[in-house]
Q: 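Below you will find the structure I want to go over with you.
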Amino acid sequence: MRNPIQKLSMQKRMMLYFSVPLILVQIILCFLCYPQVIRRYREKTDYTVEQSINQTISFTESYLQNMTYLADMVENSWVIQDTLSAKDFGGNRPYFDQWLEYYELNREFNSYELSNSIYRFCLYVPDDVIYSGNHYFFFENSRLKERSDYVDLRYTLNQGEDYVALSQERSGIDKQETSQMVTLYHRIVSKEAKDQEIGICSISVSVSCFQDIMQNANITSKGLVYLMSENGRLIASSSSTIMQKMQRSGGILSYGPEISMEKKKEGQMEYYAVRRNVNGAAWQMISMIPKSEYEDQYRILWLSAILMMGGMIVVIVMISYVLSGYYVGRLKKLKSEMAGLQNGNLNANLPLETEGDEIEKIYHNFNGMVQEVQRLMQEHYKLGKEVKMAEVRALQAQINPHFLYNTLDLINWISMDYGAEEIGTLTWNLARFYRLSLNHGKSLITIGEEVEHVQVYVNIENYHFDNQISLNVDVPEELKGFACLNIILQPFVENAIVHGIAEYSEIESCSIAIRARKEEKDIIFTIQDDGPGVNVEQMQKETEQDIKKARHGYGVRNINFRLKLCFGEKYGVTYKESEKGTCVEVKIPAMTMEEAEEKI
C-alpha cells in the first residue's frame with residue numbers, strides 16, 4: 001500500500017519536506033523559550049510596579065517636605081514671632097492695635113501664598129482676637145478642638161512633631177469655596193523661650209494633587225493605589241469608584257508591615273499587593289493589582305506568541321511553496337521539452353542558467369542529447385538525400401536531359417522557321433520548365449528562379465485553358481537572390497488550376513496571386529486564388545499527416561516534410577482562412593545560397 005505522502009505531487013511533497021522540520025523546530029523553541037520569557041516579563045512587570053510605587057512615594061514625600069519647610073518658614077518669620085510673642089497678645093488690646101497687627105500678618109501670609117500657589121496657609125489665634133473670625137488666613141483656636149482627632153493632634157504636637165491629616169480648607173481666593181485638603185499642623189515655638197508654644201499654623205495642599213500622582217502609579221485599569229494613615233484613615237486614592245467598590249466588598253488592605261508584590265486575598269478577590277511607608281507622616285502607600293488582571297497580561301503574551309508562531313508558519317509554508325514551485329517548475333520545463341522531442345520537435349532546447357546545480361547539469365545533458373539527435377537526423381537525411389539524388393541521377397541518365405533540352409530547342413527553331421510561333425513559345429516554356437525542375441540534380445534554387453518556374457508552368461497551362469489563368473507575382477527584387485528549395489510554389493498553383501477551372505466548367509477564369517515578404521529572419525510566401533476554396537482545418541490536418549500514411553495530396557505533404565526536415569519545425573506550410581478561394585503560406589528561413597548549401 002502506497003504511503004499517502006507518495007500520492008501527492010512532487011511540489012507538495014517538497015513543500016512538506018521543507019516546511020515541516022522548520023515548523024517543528026519553531027514549536028520546540030517556542031515551548032523552551034516561553035517559560036524564560038514569562039519569568040523575565042514577570043520580573044520586569046514587578047520591577048515596574050515597584051518603581052512606580054517608589055516614585056509615587058517620592059512625590060508624596062516631596063509634598064510633605066515642602067509643607068514642613070513652609071511651616072518652618074512661618075515659624076521663623078520675625079513678624080509672626082514678634083506678634084505672637086508679645087506679652088499683651090490677645091483680645092484685650094485696643095482695636096486699632098489689633099487691626100495693625102492683622103494688616104502685618106495678612107501681608108505676610110499673602111506673600112507666602114503668592115510664592116507657593118498650590119499651598120494654603122492658616123494661623124490659629126485666640127478666639128477673642130478681633131480677626132480670628134477672618135477664616136481666610138486666621139481661625140479660632142477653638143476650631144482645632146472641634147476636630148474628632150484633636151487628642152491625637154495635640155499629642156503629636158506636644159511631642160514636637162508635625163501632625164498630618166485631612167481637613168476641609170479654602171481651595172482658592174474665595175473663602176466660601178472649600179475642598180478636601182491634606183493639612184500639616186505645626187506647633188510654633190517662641191525663639192526666646194524654646195519650650196513655650198505661641199501658636200499653631202497649618203499648611204494645606206489639595207487631595208487631588210495626591211490623587212493625580214497615584215493615578216499615574218496605577219498601571220492596571222482595575223487596580224488601586226491609595227494612601228492610608230496609621231489610624232486606618234484613607235487619605236487619597238487613584239480611583240474613588242474602585243475604592244468604594246472594594247470597601248463594600250471588604251477587600252481593602254489595612255495598615256501593616258511593608259510587603260513587596262505579595263499575593264493577598266481580601267474578601268472574594270485575590271490581589272498582588274505592595275505596601276510602603278511614607279516618610280514625614282504616619283502613612284503607607286498601598287498598591288493592589290487584581291490577580292486576574294495581572295495574569296491576563298501573560299495570556300496576551302501567550303496569544304501574541306501563538307499569533308506570531310502562526311504567522312511564521314504561514315511564511316514558512318509560503319516560502320516552501322515558492323521554492324518547491326521554482327524547482328518543480330524547472331523539472332516541468334524539462335518534461336515539456338522531452339515531450340516535444342518525443343512528438344518530433346527536434347528544435348527542443350533548454351535555457352542554461354547560472355545555477356550550477358544538478359538540474360542545470362540535467363539541462364546541459366538534455367541539450368547535448370538533442371544536439372546529438374539532430375546530428376544523427378542530419379546524417380540520416382544526408383544519407384537519404386544522397387540515395388534520392390542517386391536515383392534522380394539514374395533517372396536523369398535514363399531521360400538524358402541534355403538530349404531532351406536539345407530536342408525541345410530544335411523543335412523551337414523549326415517552328416520559328418515555319419512561322420509556328422505559338423508552338424515555339426510553348427516548346428521554349430516546356431524546356432525552361434524542365435531545366436528549372438531538374439536543376440542539374442540540385443535541391444536549392446533562388447527565389448527568382450522558383451518564381452520563373454511557376455511563371456513558365458502557368459504559360460504552358462494557359463495554352464490548354466485559352467489564357468483563362470491570371471498570375472500576379474509580387475516578390476520584391478531584394479528577395480529574389482535568397483535561396484529556397486525547388487518546386488515549393490508550383491504544386492499550389494497546380495492545385496488552384498486543377499481544382500478550379502479544370503473541375504468546374506462554370507468557372508471561366510482563375511486568378512492566382514503570389515506574394516513574398518520578409519519578417520525578421522524568415523521569408524513568407526502567400527499563394528491566394530479565387531477558386532471554390534477548401535476546408536482549412538481538414539487541409540492543414542492532411543498536410544501534417546505522415547507521407548507514408550497519405551493516400552493523396554503527396555505534393556503539398558512533400559513540400560511541408562522537406563521544409564521541416566531541412567530547416568526545422570517552425571517552417572512549413574500553413575493554410576489560412578480566406579473570404580474567397582484558398583490562401584496558403586509557405587515559411588522558409590532567409591538565407592543566401594552559400595548559407596543554404598552549408599546547412600543542407
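In this chain, residues are counted from 1 in sequence order.
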Q: Is any side-chain heavy atom of Ile23 closer than 4.5 Å to a side-chain heavy atom of Val317?
A: yes
Q: May I ask you to decide whether Lys587 forms a salt bridge with Glu585, counting only side-chain N to carboxylate O separations under 4.0 Å?
A: no
Q: Under a 4.0 Å N-O cut-off, is there an ion pair linking Lys570 with Asp522?
A: yes
Q: Using side-chain hydrogen bond (donor to acceptor under 3.5 Å, both in side chains), reason through Gln528 and Ser578 one step at a time and then give a plain yes or no.
A: CA-CA 9 Å; Gln528 173 75 54; Ser578 177; 3.1 Å; yes
Q: Quick check for you: to the nearest 0.5 Å, what is the distance between Lys576 atom NZ and Ile527 atom CD1?
A: 12.5 Å
Q: Is a donor from one side chain sitting under 3.5 angstrom from an acceptor on the other, for Asn54 and Glu50?
A: no
Q: More than 12 non-hydrogen atoms from neighbouring residues, nucleotides or ligands closer than 6.0 Å to NZ on Lys541, yes or no?
A: no
Q: Does some side-chain heavy atom of Val451 sit less than 4.5 Å from a side-chain heavy atom of Lys480?
A: no
Q: Are side-chain heavy atoms of Leu444 and Met593 found at a separation under 4.5 Å?
A: yes
Q: When you compare the side chains of Gln540 and Thr574, does any donor N or O come within less than 3.5 Å of an acceptor on the partner?
A: no
Q: Between Ala496 and Cys510, what is the shortest heavy-atom contact and its length?
A: O-SG, 4.0 Å
Q: Side-chain contact, heavy-atom cut-off 4.5 Å: Ile512 with Asn472?
A: no
Q: May I ask you to test the Asn560-Asn558 pair for a side-chain heavy-atom distance under 4.5 Å?
A: no
Q: Walk me through it: do Tyr457 and Ile497 pass the test side chain to side chain contact (heavy atoms under 4.5 Å, CB included)?
A: CA-CA 11 Å; Tyr457 172 76; Ile497 296 172; 4.0 Å; yes
Q: Are the side chain of Asp529 and the backbone N or O of Gly581 linked by a donor-acceptor pair below 3.5 Å?
A: no
Q: Say whether, by atom type as modelled, one donor and one acceptor occur between the side chain of Glu450 and the main chain of Ile488 under 3.5 angstrom.
A: yes
Q: Would you call Cys583 and Glu577 a side-chain contact if the rule is heavy atoms closer than 4.5 Å?
A: no
Q: Does Arg39 have more than 12 heavy atoms from other residues, nucleotides or ligands lying within 6.0 Å of its CZ?
A: yes
Q: Is it the case that over 12 heavy atoms from other parts of the model lie below 6.0 angstrom from the CD atom of Glu537?
A: no
Q: For a 4.5 angstrom cut-off between non-hydrogen side-chain atoms, does Glu494 reach Gln490?
A: yes
Q: Any heavy-atom pair between the side chains of Leu485 and Ile445 that's under 4.5 Å?
A: no
Q: Can you tell me how far apart CG (Asp466) and CD (Gln468) are? Round to the nearest 0.5 Å.
A: 6.0 Å
